[in-house]
A.B. asks: 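Handing you this structure, nothing more for now.
Side chains included, hydrogens not; waters and symmetry mates left out as well; all remaining heavy atoms used.
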Amino acid sequence: MFQLLVGFVFGSLIDVNMWLTSWLIPTGIAAQAAAQVAGCTILGIGIALEVRCGSVNMPGEGFPVAVSAVTGVAFHKVKICVDTSLVVLAVVFCYAFFGAWQWYIVGIGTLFAMVYVGMVVRTAGRHLGWFDRMLAYRPGFRRYVYGLARLLFRSGGDGDA
(Lines give C-alpha, C1' and ligand atoms only; values in the text may rest on other atoms or scores of the structure.)
Protein backbone atom coordinates (compact mmCIF):
# COMPACT_ATOMS: atom_id res chain seq x y z
CA MET A 1 0.00 0.00 0.00
CA PHE A 2 2.81 2.40 0.92
CA GLN A 3 4.56 1.73 -2.39
CA LEU A 4 1.35 2.68 -4.19
CA LEU A 5 1.30 6.02 -2.36
CA VAL A 6 4.99 6.62 -3.08
CA GLY A 7 4.41 5.70 -6.74
CA PHE A 8 1.54 8.18 -6.95
CA VAL A 9 3.64 10.97 -5.42
CA PHE A 10 6.58 10.07 -7.67
CA GLY A 11 4.35 10.12 -10.75
CA SER A 12 2.87 13.46 -9.72
CA LEU A 13 6.35 14.92 -9.30
CA ILE A 14 7.23 13.70 -12.80
CA ASP A 15 4.15 15.53 -14.10
CA VAL A 16 5.24 18.70 -12.27
CA ASN A 17 8.73 18.35 -13.69
CA MET A 18 7.33 17.91 -17.21
CA TRP A 19 5.29 21.09 -16.74
CA LEU A 20 8.30 23.02 -15.39
CA THR A 21 10.49 21.97 -18.31
CA SER A 22 7.82 22.23 -21.04
CA TRP A 23 9.68 25.24 -22.45
CA LEU A 24 12.75 23.07 -23.08
CA ILE A 25 12.47 21.67 -26.60
CA PRO A 26 15.92 20.72 -27.92
CA THR A 27 15.80 20.85 -31.70
CA GLY A 28 19.38 20.36 -32.87
CA ILE A 29 21.31 17.14 -32.42
CA ALA A 30 23.77 18.80 -30.01
CA ALA A 31 20.95 20.17 -27.85
CA GLN A 32 19.21 16.78 -27.87
CA ALA A 33 22.44 15.02 -26.88
CA ALA A 34 23.06 17.52 -24.06
CA ALA A 35 19.49 17.09 -22.80
CA GLN A 36 19.86 13.30 -22.92
CA VAL A 37 23.14 13.33 -20.99
CA ALA A 38 21.78 15.80 -18.42
CA GLY A 39 18.56 13.84 -17.95
CA CYS A 40 20.32 10.48 -17.62
CA THR A 41 22.84 11.96 -15.19
CA ILE A 42 20.10 13.36 -12.95
CA LEU A 43 18.21 10.06 -13.19
CA GLY A 44 21.32 8.05 -12.26
CA ILE A 45 22.06 10.25 -9.24
CA GLY A 46 18.43 9.95 -8.13
CA ILE A 47 18.55 6.17 -8.45
CA ALA A 48 21.80 6.01 -6.46
CA LEU A 49 20.20 8.04 -3.66
CA GLU A 50 16.98 6.00 -3.78
CA VAL A 51 18.77 2.67 -3.55
CA ARG A 52 21.25 3.87 -0.92
CA CYS A 53 18.58 5.08 1.50
CA GLY A 54 16.90 1.66 1.55
CA SER A 55 13.35 2.96 1.54
CA VAL A 56 10.62 2.09 -0.97
CA ASN A 57 12.03 1.43 -4.43
CA MET A 58 10.24 2.16 -7.67
CA PRO A 59 9.65 -0.99 -9.77
CA GLY A 60 12.44 -0.05 -12.21
CA GLU A 61 14.95 -0.30 -9.37
CA GLY A 62 13.16 -2.83 -7.16
CA PHE A 63 13.91 -5.76 -9.46
CA PRO A 64 17.63 -4.95 -9.84
CA VAL A 65 17.88 -4.34 -6.07
CA ALA A 66 16.36 -7.77 -5.40
CA VAL A 67 18.64 -9.50 -7.94
CA SER A 68 21.65 -7.68 -6.50
CA ALA A 69 20.72 -8.70 -2.95
CA VAL A 70 20.22 -12.36 -3.89
CA THR A 71 23.27 -12.75 -6.15
CA GLY A 72 25.69 -10.41 -4.37
CA VAL A 73 26.51 -8.68 -7.68
CA ALA A 74 26.96 -4.91 -7.44
CA PHE A 75 23.72 -2.98 -8.06
CA HIS A 76 25.06 -0.90 -10.94
CA LYS A 77 26.09 -4.02 -12.85
CA VAL A 78 22.69 -5.63 -12.32
CA LYS A 79 21.00 -2.36 -13.34
CA ILE A 80 22.89 -2.27 -16.64
CA CYS A 81 22.09 -5.95 -17.32
CA VAL A 82 18.39 -5.55 -16.50
CA ASP A 83 18.07 -2.37 -18.57
CA THR A 84 19.91 -3.98 -21.47
CA SER A 85 17.67 -7.05 -21.26
CA LEU A 86 14.55 -4.88 -21.33
CA VAL A 87 15.80 -2.95 -24.36
CA VAL A 88 16.69 -6.20 -26.16
CA LEU A 89 13.17 -7.47 -25.45
CA ALA A 90 11.72 -4.24 -26.83
CA VAL A 91 13.75 -4.60 -30.03
CA VAL A 92 12.74 -8.27 -30.37
CA PHE A 93 9.08 -7.30 -29.95
CA CYS A 94 9.51 -4.56 -32.55
CA TYR A 95 10.65 -7.21 -35.03
CA ALA A 96 7.95 -9.66 -33.91
CA PHE A 97 5.04 -7.22 -34.17
CA PHE A 98 6.19 -4.71 -36.80
CA GLY A 99 8.74 -6.68 -38.83
CA ALA A 100 11.45 -4.05 -38.33
CA TRP A 101 13.19 -2.01 -35.66
CA GLN A 102 11.01 0.98 -34.82
CA TRP A 103 13.52 3.77 -34.11
CA TYR A 104 10.81 6.08 -32.79
CA ILE A 105 10.06 3.46 -30.09
CA VAL A 106 13.58 2.28 -29.23
CA GLY A 107 15.98 4.94 -30.41
CA ILE A 108 19.55 5.98 -29.84
CA GLY A 109 18.62 7.75 -26.58
CA THR A 110 17.27 4.49 -25.16
CA LEU A 111 20.40 2.63 -26.22
CA PHE A 112 22.54 5.31 -24.59
CA ALA A 113 20.49 5.35 -21.37
CA MET A 114 20.56 1.57 -20.89
CA VAL A 115 24.30 1.72 -20.16
CA TYR A 116 24.98 5.31 -19.09
CA VAL A 117 22.48 5.38 -16.19
CA GLY A 118 24.17 2.37 -14.58
CA MET A 119 27.55 4.03 -15.00
CA VAL A 120 26.25 7.18 -13.28
CA VAL A 121 24.78 5.07 -10.45
CA ARG A 122 28.21 3.47 -9.93
CA THR A 123 30.03 6.81 -9.99
CA ALA A 124 27.49 8.58 -7.76
CA GLY A 125 27.50 5.65 -5.33
CA ARG A 126 31.21 6.16 -4.71
CA HIS A 127 30.55 9.71 -3.50
CA LEU A 128 27.64 9.11 -1.11
CA GLY A 129 29.52 8.73 2.16
CA TRP A 130 27.98 11.98 3.36
CA PHE A 131 24.54 10.54 2.63
CA ASP A 132 25.26 7.42 4.69
CA ARG A 133 26.41 9.56 7.62
CA MET A 134 23.28 11.71 7.32
CA LEU A 135 21.04 8.65 7.34
CA ALA A 136 22.94 7.17 10.30
CA TYR A 137 22.67 3.61 8.94
CA ARG A 138 19.09 2.99 10.05
CA PRO A 139 16.91 0.89 7.72
CA GLY A 140 13.91 2.25 5.85
CA PHE A 141 12.18 5.58 6.24
CA ARG A 142 13.46 5.98 9.80
CA ARG A 143 16.89 6.57 8.28
CA TYR A 144 15.63 9.88 6.96
CA VAL A 145 14.16 10.97 10.28
CA TYR A 146 17.03 9.82 12.50
CA GLY A 147 19.69 10.99 10.07
CA LEU A 148 18.19 14.44 9.66
CA ALA A 149 17.63 14.77 13.41
CA ARG A 150 21.22 13.72 14.07
CA LEU A 151 22.49 16.16 11.49
CA LEU A 152 20.38 19.05 12.76
CA PHE A 153 20.53 18.40 16.52
CA ARG A 154 23.96 16.84 16.88
CA SER A 155 25.24 16.71 20.44
CA GLY A 156 28.51 18.62 20.71
CA GLY A 157 31.91 16.98 20.74
CA ASP A 158 31.07 13.53 19.36
CA GLY A 159 33.73 13.96 16.66
CA ASP A 160 31.51 12.48 13.92
CA ALA A 161 31.69 14.96 11.10
Side-chain angles (χ1 to χ4, degrees), residues 2-135 141 143-144 147-148 151:
F2 186 66
Q3 188 172 15
L4 192 60
L5 175 66
V6 171
F8 177 76
V9 171
F10 185 75
S12 299
L13 290 173
I14 289 174
D15 291 341
V16 169
N17 185 47
M18 293 296 291
W19 177 75
L20 289 173
T21 59
S22 62
W23 58 270
L24 179 65
I25 303 172
T27 53
I29 191 75
Q32 291 173 348
Q36 178 75 19
V37 169
C40 288
T41 302
I42 292 168
L43 177 66
I45 292 168
I47 290 170
L49 291 168
E50 173 191 352
V51 170
R52 184 64 68 96
C53 74
S55 65
V56 178
N57 290 312
M58 294 288 98
E61 283 66 63
F63 180 66
V65 165
V67 171
S68 177
V70 169
T71 63
V73 177
F75 172 77
H76 70 274
K77 291 179 182 178
V78 174
K79 175 77 175 150
I80 291 172
C81 289
V82 168
D83 288 353
T84 302
S85 300
L86 292 173
V87 170
V88 167
L89 280 173
V91 171
V92 166
F93 284 131
C94 279
Y95 280 105
F97 292 116
F98 304 114
W101 187 324
Q102 302 295 309
W103 282 97
Y104 63 93
I105 295 174
V106 180
I108 192 72
T110 305
L111 299 176
F112 172 76
M114 75 180 183
V115 175
Y116 182 72
V117 171
M119 293 168 49
V120 171
V121 169
R122 178 190 64 210
T123 303
R126 292 180 183 156
H127 302 286
L128 290 179
W130 62 270
F131 193 63
D132 289 337
R133 288 188 300 276
M134 184 179 83
L135 297 177
F141 182 72
R143 288 176 80 173
Y144 291 117
L148 287 174
L151 185 68

A.B. asks: Between Val106 and Trp101, which heavy-atom pair has the shortest distance, and what is it?
C.D. replies: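 So the two residues come closest at O-NE1, 2.7 Å.
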
A.B. asks: What pair of heavy atoms forms the shortest contact from His76 to Val121, and how long is it?
C.D. replies: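 Looking at all heavy atoms of both residues, the shortest contact is CB-CG1, 4.3 Å.
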
A.B. asks: Please round to the nearest 0.5 Å and tell me the distance separating atom CZ of Phe112 and atom OG1 of Thr110.
C.D. replies: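 Reported value, rounded in 0.5 Å steps: 11.5 Å.
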
A.B. asks: Could you tell me which non-hydrogen atom of Ile45 sits nearest to which non-hydrogen atom of Val120, and how far apart they are?
C.D. replies: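 Closest approach of Ile45 to Val120, heavy atoms only: N-CG1, 3.8 Å.
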
A.B. asks: What distance do Phe63 atom CZ and Leu86 atom CG have between them, rounded to the nearest 0.5 Å?
C.D. replies: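 These two atoms lie 8.0 Å from each other.
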
A.B. asks: Test your reading of the model: is there a side-chain donor-acceptor pair from Thr84 to the backbone of Cys81, 3.5 Å cut-off?
C.D. replies: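 Side chain of Thr84 to backbone of Cys81, a donor-acceptor pair under 3.5 Å: no, none is there.
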
A.B. asks: Looking at Trp103, I want to see if its CH2 is surrounded by more than 12 non-hydrogen atoms of other residues, nucleotides or ligands under 6.0 Å.
C.D. replies: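 Yes, enclosed.
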
A.B. asks: Just how far is it from atom CD1 of Ile47 to atom CD1 of Ile42, taken to the nearest 0.5 Å?
C.D. replies: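 Interatomic distance, Ile47 CD1 to Ile42 CD1, rounded to 0.5 Å: 12.0 Å.
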
A.B. asks: How far does CG of Asp83 sit from OG of Ser85, to the nearest 0.5 angstrom?
C.D. replies: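 The distance works out to 8.5 Å.
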
A.B. asks: Measure the shortest side-chain to side-chain distance between Tyr116 and Thr41 over non-hydrogen atoms and say whether it is less than 4.5 angstrom.
C.D. replies: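 A side-chain contact under 4.5 Å exists here.
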
A.B. asks: Below 4.5 Å, heavy atoms only, C-beta onward: do Leu49 and Arg52 meet side chain to side chain?
C.D. replies: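 When only atoms from C-beta onward are counted, Arg52 and Leu49 do not touch, as no gap falls below 4.5 Å.
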
A.B. asks: Say you draw a straight line from OG of Ser68 to NZ of Lys77; how long is it, rounded to the nearest 0.5 Å?
C.D. replies: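 Between Ser68 OG and Lys77 NZ, I get 10.5 Å after rounding to 0.5 Å.
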
A.B. asks: Can you check whether Cys94's main-chain N or O pairs, donor with acceptor, with Gln102's side chain at less than 3.5 Å?
C.D. replies: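 Flag not set: sc Gln102 to bb Cys94 has no pair under 3.5 Å.
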
